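Structure first, then comments.
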Amino acid sequence: MRRVVLAGRGDLAEWRDAARALAAAGIVPEEIEWRERSAEADLSFQRDAMPPAPAALRKPMTVPPTFIELAETVLCHSDPARFSLLYRLLWRLQLDRQLLEVTSDEDVVRARLMAKNVHRDAHKMTAFVRFKEVGAVSAGRRKFIAWFEPDHHIVRRTAPFFQRRFTDMDWLIATPKGSAAWDGERLTISDEPCEKPNLSDVTDELWRTYYASIFNPARLKLKAMQAEMPKKYWKNLPEADLIPGLIASAESKVREMAAREATQSLPFHDRLQQAARNLPAEPELPAGTLEALRAEAAVCTRCPLHANATQTVFGEGPRDADVMFVGEQPGDQEDIAGRPFVGPAGRLFDQVTAEAGIDRSTLYVTNAVKHFKYEPRGKRRIHQKPNMGEVHHCRWWLDLELALVKPKLIVAMGATALVALTDVKGRLQDVRGKAMAIEGGRTLFVTVHPSYLLRIPDERLKAEEMARFREDMMRIQRLMKAAA
């Protein structure tokens, strides 16, 4: 029986050199006893631990690259059996090059599970390390120390993450399995175990405040929470001492939230309510003007879209404009600015109308729907197409705009605008680029919405559609001249 003793701190080269020598000597896995060096090991055992020199060189063993990556990770595991497991896989790979693809193989399953545990431990380290400031500023750099208790030998593989993330400060991460230190120039790794320092600073209270503010009692799931933040990490997290109290009070907090729901404003609703409070009891604006209509629309609640929008985005332009452009609805930037066609689609609209010789200042520009409909996705608000009910509710405001402005030519940009103006559903392409007479002696011209052009992924198709849009604008310019 051959005995091999390794330091076992996640060093691939250490295990690889021993495995190569053993394999070259033809030592089968069953004849090797792998051990991890400990402080109690005596010197005679250390001498026996040296790998045997090959008696006769055999054909070099080869392995697929995936094995090297797997071995590098598995060697970071704390299970003493990892050395023999990897050597057994190395030996078997000489007979079956596809062994690692056999997902039911016992050795492969065990190695993959070890690798998964190492990856998870490294992820937890990046998530739960808490630096404490321990030194005064030196040459513009502050000094910090952190304590973490990993399950596996992950300090060496995780340290570069902290070097990249916290390169502008000097720090030391101490663990029972070694340490990592960065001084602005050099990353130093030590395998010597550390003792837990007594650490605390002013940031502890900041962590508690942050955690208390993001804790949502209505979404409390204990098993999921403890899977993401296992209890073994709590003792080293300043915010963790709040968790028992937050869990205990969760049920009562949910009841309080439900009681407030009937009176609490919906998201982005505060500005609408503020606008309503600021309106005079008896409007001073002359009735029958666009200004009065805009003020009335500012507190519109005709459909649910008002609840989540920042504000009503009403039309703008001359009261006596001969041409009215109607789009679908305001976008993200329009919702914030309170003006139509000021976002990316609006800038494209301005560019093409200017190229066609159309002065935007002479146009009345509005939308079929006056509130931004969207789906929150992280920090972004993704546009959602309004449904027919929302379009019909908002038709009230569009009809009043048409009645006050009395345009001779109306341009519907997109299918939603076409439905809002005609109540006729159909393929936009069937009527695009055509001028048609509608009620009131007016002319309706149909084209696409500029946002459609921005969403086309194919560059060739985008160029073709842009050319068609410019042609539409040239036709509109000629219709404007004829109507003047």
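Bear in mind the structure is a predicted one, so any value in this text is a computation, not a measurement.
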[X] (side chain) donor-acceptor with [Y] (main chain) under 3.5 angstrom:
X: Gln311; Y: Asp335; value: yes
X: Glu69; Y: Thr66; value: no
X: Asp121; Y: Asp151; value: yes
X: Glu334; Y: Val342; value: yes
X: Arg360; Y: Ala354; value: no
X: Arg381; Y: Gly331; value: no
X: Asp472; Y: Thr447; value: no
X: Thr158; Y: Val155; value: no
X: Arg142; Y: Met169; value: no
X: Arg82; Y: His77; value: yes

Distance check, rounded to the nearest 0.5 Å: [X] atom [atom1] versus [Y] atom [atom2]?
X: Met436; Y: Ile410; atom1: CE; atom2: CD1; value: 11.5 Å
X: Arg302; Y: Trp396; atom1: CZ; atom2: CH2; value: 6.0 Å
X: Leu93; Y: Leu100; atom1: CG; atom2: CG; value: 5.0 Å
X: Gln329; Y: Asn367; atom1: CD; atom2: CG; value: 7.5 Å
X: Arg141; Y: Asp170; atom1: CZ; atom2: CG; value: 4.5 Å
X: Asp322; Y: Lys481; atom1: CG; atom2: NZ; value: 14.5 Å

Identify whether the distance between the nearest side-chain nitrogen and carboxylate oxygen of [X] and [Y] falls below 4.0 Å.
X: Lys385; Y: Glu328; answer: yes
X: Lys232; Y: Glu149; answer: no
X: Arg130; Y: Glu239; answer: yes
X: Glu464; Y: Arg468; answer: no
X: Asp79; Y: Arg110; answer: yes

Mind listing the closest non-hydrogen atom pair of [X] and [Y] along with its distance?
X: Trp147; Y: Asn236; value: CD1-OD1, 3.6 Å
X: Val109; Y: Ser104; value: CG2-C, 4.2 Å
X: Pro376; Y: Tyr374; value: N-CD1, 3.9 Å
X: Ala417; Y: Ala368; value: CA-CB, 4.3 Å
X: Arg339; Y: Val313; value: C-CG1, 3.4 Å
X: Ala297; Y: Thr312; value: O-OG1, 2.8 Å

Count the heavy atoms belonging to other residues, nucleotides or ligands that lie under 6.0 Å from [atom1] of [X], then report whether that count exceeds 12.
X: Gln384; atom1: CD; result: yes
X: Glu106; atom1: CD; result: no
X: Phe161; atom1: CZ; result: yes
X: Glu439; atom1: CD; result: no

Worked verdict on Val108 versus Leu99 for side chain to side chain contact (heavy atoms under 4.5 Å, CB included): CA-CA 8 Å; Val108 174; Leu99 174 63; 4.1 Å; yes
Could you name each residue pair satisfying ring-ring contact (aromatic ring centres under 6.0 Å, His included) that touches residues 314-343, not counting sequence neighbours? Phe325-Phe349, Phe341-Phe349, Phe341-His449
Does the pair Asp423 and Arg395 meet the rule for a side chain to side chain contact (heavy atoms under 4.5 Å, CB included), with working shown? CA-CA 10 Å; Asp423 284 326; Arg395 177 65 187 266; 3.9 Å; yes
Do [X] and [Y] have side chains that approach each other closer than 4.5 Å (heavy atoms only, starting at C-beta)?
X: Glu296; Y: Trp397; value: yes
X: Pro344; Y: Gln333; value: yes
X: Val323; Y: Thr362; value: no
X: Met229; Y: Leu237; value: yes
X: Arg112; Y: Thr103; value: no
X: Arg157; Y: His119; value: yes
X: Val424; Y: Leu418; value: no
X: Phe215; Y: Leu220; value: yes

Check the orientation of Phe162 and Phe131. Use parallel for under 30°, tilted for 30 to 60°, and perpendicular for over 60°. perpendicular
Going by distance alone, is a donor N or O of one side chain under 3.5 Å from an acceptor N or O of the other, for Glu390 and His371? no
Out of the candidates Leu402, Leu409, Leu421, only one should pair with Arg442 under the side chain to side chain contact (heavy atoms under 4.5 Å, CB included) rule; please name it. Leu402
I would like to know whether Cys300 and His306 meet side chain to side chain contact (heavy atoms under 4.5 Å, CB included); could you show each step before the answer? CA-CA 7 Å; Cys300 174; His306 77 279; 5.8 Å; no
I would like to know whether Glu205 and Arg208 meet salt bridge (charged side-chain N to carboxylate O under 4.0 Å, His left out); could you show each step before the answer? CA-CA 5 Å; Glu205 193 57 37; Arg208 293 187 185 94; 3.3 Å; yes
Can you check side chain to side chain contact (heavy atoms under 4.5 Å, CB included) on Thr175 and Ile154, steps first, answer last? CA-CA 10 Å; Thr175 83; Ile154 59 170; over 6 Å; no
Begin with the C-alpha distance, continue with both residues' side-chain angles, and end with the deciding distance and a verdict on salt bridge (charged side-chain N to carboxylate O under 4.0 Å, His left out) for Asp332 and Arg380. CA-CA 9 Å; Asp332 179 76; Arg380 301 176 60 201; over 6 Å; no
